[in-house]
**Student:** 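Quick one: this structure, given as structure tokens, is what I'll be asking you about.
All values reported here derive from a predicted model rather than from experimental measurement. If you read the sequence from its start, that first residue is 1, and numbering goes on from there.
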Amino acid sequence: MGFTTTPQRFRVAVTGGIGSGKSYVCRLLEQRGISIYDCDAQAKRLMRTSATLQHQLSDTIGANIAPCGHIDKALLSRYLLASDDNKARVNAIVHPAVIADFLASPYTWMESAILFESGYAHVVQCIVCVCCPDAVRIERICQRDGITPTQARQWIDAQWPQERVRQMAHLVVDNDGTTPLTPQIDNLLQRIGDMQTDYNNSHTI
């Protein structure tokens with residue numbers, strides 16, 4: 001006779017490049033009652049509040065990075081921009097802390113623009129990619145940030161190609177400004193519900 005254990009939690013990540021409207025789609029999901037862990041915002045919170053994280057950053061960057069327990073944002077920015085190696089060192093400290101914080105939280109959904117680059121992807125069972133044509137993304141970025149199309153293109157090119165992320169995702173939302181989002185989200189939640197049921201069944205002994 002078998003027995004039943006509590007299945008491992010089924011977790012979902014929403015990702016998408018700059019200008020894709022990923023955060024907007026997340027807000028629509030939140031209107032459906034889904035709480036979403038914002039990896040970028042939580043990383044900033046952890047750097048402000050975690051003494052352990054601040055100590056690790058101080059060991060890497062220097063004691064002046066966190067005077068009186070507060071991160072010196074200007075110094076951190078200069079360190080990050082100085083070299084790719086510096087950025088990698090900081091990411092190696094911050095990203096694992098964000099993963100641990102997410103796993104310890106009540107959240108089962110996360111939002112991350114750098115899901116694969118950060119290593120966050122391995123802690124979720126379903127990845128949703130929000131996609132949009134580059135021309136629309138550039139227009140959105142220019143309107144939002146007041147920059148030129150050339151600068152917007154540079155921001156896009158600094159991230160993983162959208163098609164690469166799309167191919168690695170389980171589900172896709174087309175947020176091109178023309179395709180209706182409501183039926184896509186309805187379908188998305190239905191498919192995720194089915195995936196979660198299959199996952200829970202496969203993790204029940």
**Student:** Give a yes or no answer on whether the side chain of Asn187 reaches the backbone of Pro183 with a donor-acceptor pair at less than 3.5 Å.
**Tutor:**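 No; judged by distance alone, with no hydrogens or angles, the pair does not exist.
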**Student:** Report all side-chain donor-acceptor pairs from residues 87-97 shorter than 3.5 Å, counting only partners two or more places apart or in another chain.
**Tutor:**
{"residue": "Arg89", "atom": "NH1", "partner": "Asn86", "partner atom": "OD1", "Å": "2.6"}
{"residue": "Asn91", "atom": "ND2", "partner": "Lys87", "partner atom": "O", "Å": "3.4"}

**Student:** Less than 4.5 Å apart, side chain to side chain, heavy atoms only: is that true for Ile127 and Met168?
**Tutor:**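 No, their side chains stay 4.5 Å or more apart.
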**Student:** Under a 3.5 Å distance rule, please check whether Asp174 uses its side chain to pair with a backbone N or O of Asp176 as donor and acceptor.
**Tutor:**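 No, because the side chain of Asp174 does not come within donor-acceptor range (under 3.5 Å) of the backbone of Asp176.
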**Student:** Does the pair Arg137 and Asp134 meet the rule for a salt bridge (Lys or Arg N to Asp or Glu O under 4.0 Å), with working shown?
**Tutor:** CA-CA 5 Å; Arg137 294 173 66 189; Asp134 282 359; 3.2 Å; yes
**Student:** How many angstroms lie between SG in Cys129 and CD in Gln167, if you round to the nearest 0.5 Å?
**Tutor:**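 These two atoms lie 10.5 Å from each other.
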**Student:** Restricting to non-hydrogen atoms, name the atom on Gln184 and the atom on Thr179 that form the minimum distance, rounded to 0.1 Å.
**Tutor:**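 Reported closest heavy-atom pair: NE2-CG2, 3.4 Å.
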**Student:** Quick one: OG1 on Thr49 to CD on Gln54, what's the gap to the nearest 0.5 Å?
**Tutor:**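 With rounding to 0.5 Å, OG1 (Thr49) is 7.5 Å from CD (Gln54).
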**Student:** Applying salt bridge (charged side-chain N to carboxylate O under 4.0 Å, His left out) as the test, list every pair that has at least one member in residues 91-101; sequence neighbours left out.
**Tutor:**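 As it turns out, the salt bridge (charged side-chain N to carboxylate O under 4.0 Å, His left out) pairs with a partner in residues 91-101, which skip direct neighbours, are Arg45-Asp101.
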**Student:** With no hydrogens and no angle check, is any side-chain donor or acceptor of Thr15 less than 3.5 Å from a backbone partner on Ser112?
**Tutor:**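 Such a contact is found between Thr15 side chain and Ser112 backbone.
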**Student:** Shortest non-hydrogen contact from Tyr37 to Tyr107?
**Tutor:**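 The answer is N-CD2, 3.4 Å.
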**Student:** Any sub-3.5 Å donor-acceptor pair from Ser50's side-chain atoms to Met47's backbone N or O?
**Tutor:**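 Not at all, since once roles are kept as given, no pair shorter than 3.5 Å links the two residues.
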**Student:** State, with a plain yes or no, whether a side-chain heavy atom of Val98 is found less than 4.5 Å away from one of Met110.
**Tutor:**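 Counting from C-beta outward, Val98 and Met110 never come under 4.5 Å.
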**Student:** So which heavy atom on His122 is nearest to which on Ile99, and how close?
**Tutor:**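 What the structure gives for the nearest pair is CE1-CD1, 3.8 Å.
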**Student:** Quick one: closest heavy-atom pair of Trp109 and Ser35, and the distance?
**Tutor:**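 What the structure gives for the nearest pair is CB-O, 3.7 Å.
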**Student:** Nearest 0.5 angstrom please: Gln8 CD to Ser202 OG, how far?
**Tutor:**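 Nearest 0.5 Å value for the CD-OG distance: 9.0 Å.
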**Student:** Please check this pair: side chain of Gln125 against backbone of Arg11, looking for a donor-acceptor N/O pair closer than 3.5 Å.
**Tutor:**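 Yes, because the side chain of Gln125 sits within donor-acceptor range (under 3.5 Å) of the backbone of Arg11.
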**Student:** Just by distance, do the side chain of Gln159 and the backbone of Ile18 share a donor-acceptor pair under 3.5 Å?
**Tutor:**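 Between the backbone of Ile18 and the side chain of Gln159 there is a qualifying donor-acceptor contact (under 3.5 Å).
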**Student:** Of all heavy-atom pairs between Asn175 and Gly21, which one has the smallest distance, and what is that distance?
**Tutor:**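 Result for this residue pair: ND2-CA, 3.3 Å.
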**Student:** I need the minimum non-hydrogen distance between Leu189 and Leu29, along with the two atoms involved.
**Tutor:**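 Nearest heavy atoms, Leu189 then Leu29: CD2-CD2, 3.9 Å.
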**Student:** Please report the interatomic distance CD(Gln151) to SG(Cys142), rounded to the nearest 0.5 Å.
**Tutor:**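 It comes to 8.0 Å.
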**Student:** Name the orientation class of the two ring planes belonging to Phe116 and Trp160 (parallel below 30°, tilted from 30 to 60°, perpendicular beyond 60°).
**Tutor:**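 If you compare the ring of Phe116 with that of Trp160, the planes turn out parallel.
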